Amino acid sequence: MVLYSRPECPLSHRVRIVLAEKNIGAEIVDVDPDNPPEDLIDLNTYDSLPVLVDRDLVLYNSQIIMEYLDERFPHPPLMPVDPVSRARTRMMLYRIDEDWYRILGDISGEDEARAAEARKTIYEGLILMAPILAKKPFFMSDDFALVECSLAPILWRLPHYGIELPPQAKAVKQYARRLFERESFQASLSEIERELGAGW
Ligand SMILES: N[C@@H](CCC(=O)N[C@@H](CS)C(=O)NCC(=O)O)C(=O)O
């Protein structure tokens, strides 16, 4: 199994967390998009990363890759078992993508107004999430799950994005530290990412 990954990209990062959490021995190939490996060029229909190759199966879209890995390697499970909780988890994953991942690019873009707006959206969203995160060790759950895999790369990059959490988001900080302390999270980090989270 090979994961073509960008070493600084949060979408690649969340897949690397799933690999580490499940202790899957995949080869991780760091890709420079300006100089991609030949074998990837033939496979990469949408010219986007991450891409997972498992024998003759080629997957793109980090969400699809994460769910595939969870089904292919069921232990430890990263989705709840019952349909209602699974649907709620999928809604949350969708919201993280729509509300936060979609605007992350704006933060490092050249339009300062858009960057400020994106920072504000994430900052306010995290403050709203604080009371929920205060209730359980993980997002509405006692177990680490795909929601954590998706949130951790964003939380880790907050110092890099210039987002400083206020005292009323203490539960978010505690939650983030719980995620960062995990062996799997530490194992998932590329060298570049180690530096991105230096402010924590
Ligand atoms: N929805 C896709 C989006 C993937 C995506 O936008 N990846 C970025 C890197 S973070 C990319 O490959 N951009 C094109 C490039 O860097 O050349 C996913 O979740 O995998």
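Sequential numbering from 1 along the given sequence is applied to the chain's residues. Just the heavy atoms: all of them, side chains too, but no hydrogens, waters or symmetry mates, feed the values below. We count ligands from 1, going down the list as the structure has it; atoms in each ligand are counted the same way. Here the structure is a predicted model, which is why all the values come from computation and not from measurement.
- Scanning all heavy atoms of the two residues, the minimum distance from Ser12 to Leu49 falls at OG-C, 4.3 Å.
- For residues 17-27, every residue pair satisfying the side chain to side chain donor-acceptor pair (under 3.5 Å) rule, not counting sequence neighbours, is listed here: Glu21-Arg182, Glu21-Ser184, Lys22-Asp70.
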- Item | Asn61/Tyr46 under side-chain hydrogen bond (donor to acceptor under 3.5 Å, both in side chains): CA gap, chis, key distance, verdict | CA-CA 9 Å; Asn61 185 293; Tyr46 289 98; over 6 Å; no

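- Ordered by chain and residue number, the residues placing a heavy atom less than 4.0 Å from ligand 1 are Arg6, Cys9, Leu11, Pro33, Asp47, Ser48, Leu49, Pro50, Asn61, Ser62.
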- Query: Going through the checks in order, is the side-chain hydrogen bond (donor to acceptor under 3.5 Å, both in side chains) test met by Arg72 and Tyr68?
  - Reply: CA-CA 6 Å; Arg72 166 104 158 71; Tyr68 169 71; 3.1 Å; yes

- Message: Go through it in stages, so that I can follow the logic: the residues are Glu117 and Asp106, the test is side chain to side chain contact (heavy atoms under 4.5 Å, CB included), and I'd like the CA-CA distance, side-chain angles, deciding distance and then a yes or no.
- Response: CA-CA 9 Å; Glu117 189 58 36; Asp106 291 347; over 6 Å; no

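- For the side-chain contact (heavy atoms from CB on, under 4.5 Å) with Leu146, the qualifying choice from Met79, Arg90, Met92 is Met79, the only one to do so.
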